Amino acid sequence: MEQVLANGLYLGAQYALIALGLTLIFSLMNVLNFAHGQMYVFGGFVTYTVVAQLGLPFIVGLILSGIVLGVMGALIEKYLFRPVIARSTREESTMLLAAGIAFFLDAVILLLFGEKQRGIPKIIDGVLNWDYRIIMPYDRILIGVLAIAAICIFIMYMQYSKTGRAMRALAQDRVAAELMGVDVKYYSMIGFALGAMLAGIVGGLLVSITGINLGMGGPASIKAFMMIMIGGAGIISGAIAGGFILGMMESVGLLVFAAYGDITYLMIFVSLIIFLAIRPHGLMGKPWG
Amino acid sequence: MNKRLFLKTAIAGILSVGLFSGVALAANETLKIGFVGVTSGPAAAWGISNQRSMETRAAWINETGGYKIGDKTYDIEIVAFDDQKDPKRAIAGMEKMAQEGIHYVVGPNVDDGAAAVRPVAEQNGIMYFPYAFPKSLYEAPASNAVLGMVANYQSGPAIYKYMKDEKGVKKVAFVAANESDPLSQRTGGVAAAKALGLEVVSDSVTYQVDTTDFTPVLLPVVRSKPDLLVLSGVSPANAPQLIRSARELGYTGLISTETAQDALVLKEGAGDLANGFISVGGASTPEIATDMMREFVERYTKMFGEYNDESNTKVYALEYILETLKADPAGITDAAAFKKIMDTFEAPNPYMKGDAVLKYVGMSSFGQKRQVAVPLVVNVYKDGAFETLFVAEVD
């Protein structure tokens, strides 16, 4: 059971980090960013290029993944989402735009990085073996710790910085925030950039463990949406809770249902359907949005 | 030069270039050969090695004056379609081939795609060369599909027998992705292992192809303490992650698969942990490769910057198609003529030393000759490259 808990925590940390960026963008702009998974893949490929192709240290690749995706997110918000939101009040306009960006990024990734699975060497060798009760490679522990550290930094940034407070105000009431002098356009762009940056960082972190390939974007987005549905869309703490809950369900399910074939995700989806029927706004979301 | 003279010269130049290029194009007719397979996503390496092998060989043929079939010489054009491992797209791809008047298609790479395109191929007189294993595609009444490689139910027993006899394997565990190909390969593998008298200690664990952490997946498998862990139908993207997780969980036994893998992907994804991993390899090992095979590898590497050992097998499909058409040129527009000559067809194998011939096999497995004869090469991965473990033949 210790191993299952350790696996669940590790999975939960990486899932929560994926979901954070998605929920941040949703809370600030009411945009379902279907391209979030592709941003994660792009971040992974940036780290791969920096580390495996250019031979630079992993931390440089990770920082560059964050910066590249942050800049990409800011540009996407400023030149794509902002004009569409200004001209259209229909929510599906932004959804279609997000889906279009996902396809576009898939094509860009294919052109820039190719179609093959890519990976980088282990960043630390060795395995923690606690009396065969918990077996966890050191690189997974490091990535888990870095993911949790990134979550903590993000929460503190949102809680205590001027930008974080402005974004929280924006998320609570866009009109009131504007009336109080918050530069809505600027902070929307910063928020989108931050969400994309988180996707890039998690892609960079996981390329050292799972590798990266073009096809990983879609499934990553689906899991991220599941997490924010569990926790409550647009709620930071909900995304974190959703990530850890999904990670733990996956870890426990894979052990408990091992003898019955791959029914873990079937059970998770069934549970999610029942849960949403009872509580459609998720664990921490509010019925009014 | 005044403006009018310049314009006259330019127009004359353009016309003459067009005329001469027209003459050059008219020299050889074009024979289109299709490829419908997966060239993106986790299994991309399988289809990419197909497409690149075909493009390399086609460019080589065209560069050296074309391919003579009957009294005509043809330039070869490869028309490729990425089905993204999606049966619906595979059907769309085969329909595109039919619309372009193509009668010979290599692919698809996976079971459900190959099964899905069957009606389109049969209705449009297309012979196709899948890298997929359902026997129904190759057994009568089906007759348009020709298996392009050695099937898992042919390679599996050979690999397990080798493991049992040479490595003392007694207990075996299977793990497969929750998809039709890997699951059917697992079923075949379990049956083959049991038939050899091996104890199957785990055969129910499966995983999603988008899994990002295989530790929880492999935990119950490793606890069953197998001597051999079989990754049934594993894609090149998942193989390094599974190997890495198994080793990190303390598994020290053998790991194998009946699918082809990419050494570079293994090196990047699992590094030294992949050493000792056994997989089905390309059909021309250094010991049996001819100069032509070596030139093919050189040309491929020059064209694409890297080489995949699996292309030693994938190079054969196009060669079989062209050589069979050479044996009866009527096959260019008539698949029935192609089928007719398959039973007796034989031609020298340009990629293997000795007396090896290109011929169609499959009587034992399918009751009719619907498989290309390529040697079964089983490889072991070591330090970024594959080494030949053993070579066998399939009837």
Side-chain angles (χ1 to χ4, degrees), chain A residues 3-4 6-8 10-11 14-15 18 37 48 52 106 109-110 114-122 125-129 132 135-140 206 209-220 222-223 247 250-266, chain B residues 38-45 47-48 82 84-85 175-179 183 202-224 235-241 244-245 247-250 262 264-273 304-306 308:
Chain A
Q3 181 71 55
V4 176
N7 292 339
Y10 164 73
L11 272 173
Q14 52 165 280
Y15 284 172
I18 295 173
Y48 165 76
D106 264 340
I109 291 166
L110 181 66
E115 57 298 295
K116 270 185 160 180
Q117 169 82 7
R118 297 295 186 194
I120 62 171
K122 281 168 75 74
D125 284 325
V127 178
L128 169 79
N129 188 339
Y132 287 96
I135 300 171
M136 187 65 81
Y138 290 133
D139 59 348
R140 268 164 222 263
L206 290 184
I209 305 284
T210 60
I212 202 85
N213 68 63
L214 180 62
M216 291 171 84
I222 291 170
K223 278 190 179 173
E250 194 174 317
S251 178
V252 172
L254 285 168
L255 183 75
V256 173
F257 302 124
Y260 307 103
D262 191 9
I263 61 167
T264 302
Y265 259 85
L266 177 72
Chain B
V38 50
T39 54
S40 58
I48 289 168
D82 178 12
Q84 298 173 0
K85 211 163 160 246
V175 59
N178 192 23
E179 288 189 325
L183 292 176
S202 172
D203 64 352
S204 60
V205 172
T206 58
Y207 57 87
Q208 298 285 333
V209 284
D210 59 317
T211 300
T212 52
D213 183 12
F214 284 94
T215 309
V217 174
L218 287 174
L219 189 60
V221 185
V222 171
R223 281 182 178 166
S224 67
S235 72
N238 289 145
Q241 300 173 55
R244 192 163 151 174
S245 291
R247 295 296 183 216
E248 287 170 346
L249 278 169
D262 186 321
L264 182 63
V265 172
L266 286 169
K267 185 183 175 187
E268 285 184 353
D272 291 344
L273 294 176
F304 298 107
E306 60 181 7
N308 182 349

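All figures in this text were calculated on a predicted structure; none of them were measured in a lab. Just so it is clear: chains get the letters A, B, ... in the order the sequence lines come, proteins before strands, and each one is counted from 1. Just so you know, these numbers use all the heavy atoms, side chains as well, and skip hydrogens, waters and symmetry mates.
Contacts of I120(A) with chain B are made by backbone atoms alone, with heavy-atom separations under 4.5 Å and no side-chain atom involved. In this structure, chain A has a heavy atom under 4.5 Å from the side chain of L264(B), while its backbone stays farther away. If you measure heavy-atom distances from I48(B) to chain A, the contacts under 4.5 Å come from the side chain alone. Using a 4.5 Å cut-off between heavy atoms, R247(B) makes no contact with chain A at all. For E179(B), no part lies under 4.5 angstrom from a heavy atom of chain A. For D125(A), no part lies under 4.5 angstrom from a heavy atom of chain B. Both the backbone and the side chain of T215(B) come within contact range of chain A, with heavy atoms under 4.5 Å apart.
Ranking S251(A), P219(A), G8(A), A220(A) against chain B, the residue ahead of the rest is P219(A), based on heavy-atom pairs under 4.5 Å. When each of I209(A), L214(A), D106(A), L11(A) is scored by its heavy-atom pairs under 4.5 Å with chain B, the top score falls to I209(A). Contact count against chain B (heavy-atom pairs under 4.5 Å) is highest for P137(A) among G211(A), P137(A), A52(A). Heavy-atom pairs under 4.5 Å with chain A peak, among K267(B), K85(B), Q241(B), E248(B), at E248(B).
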List the steps, then state whether side chain to side chain contact (heavy atoms under 4.5 Å, CB included) holds for Q117(A) with D262(B). CA-CA 10 Å; Q117(A) 169 82 7; D262(B) 186 321; over 6 Å; no
Would you please test Q14(A) and T210(A) for side chain to side chain contact (heavy atoms under 4.5 Å, CB included) and show each step? CA-CA 12 Å; Q14(A) 52 165 280; T210(A) 60; 5.5 Å; no
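Taking NZ of K122(A) as the start and CG of L273(B) as the end, the distance is 6.0 Å to the nearest 0.5 Å. Between M136(A) atom CE and N129(A) atom CG the span is 11.5 Å, to the nearest 0.5 Å.
At least one side-chain heavy atom of L219(B) sits under 4.5 Å from a side-chain heavy atom of L249(B).
Nearest approach of P220(B) to V217(B), heavy atoms of both residues: CD-O, 3.4 Å. When all heavy atoms are compared, the tightest approach of P236(B) to V265(B) is O-CG1, 3.2 Å.
Using modelled atom types, no side-chain atom of T264(A) and backbone atom of E250(A) make a donor-acceptor pair closer than 3.5 Å.
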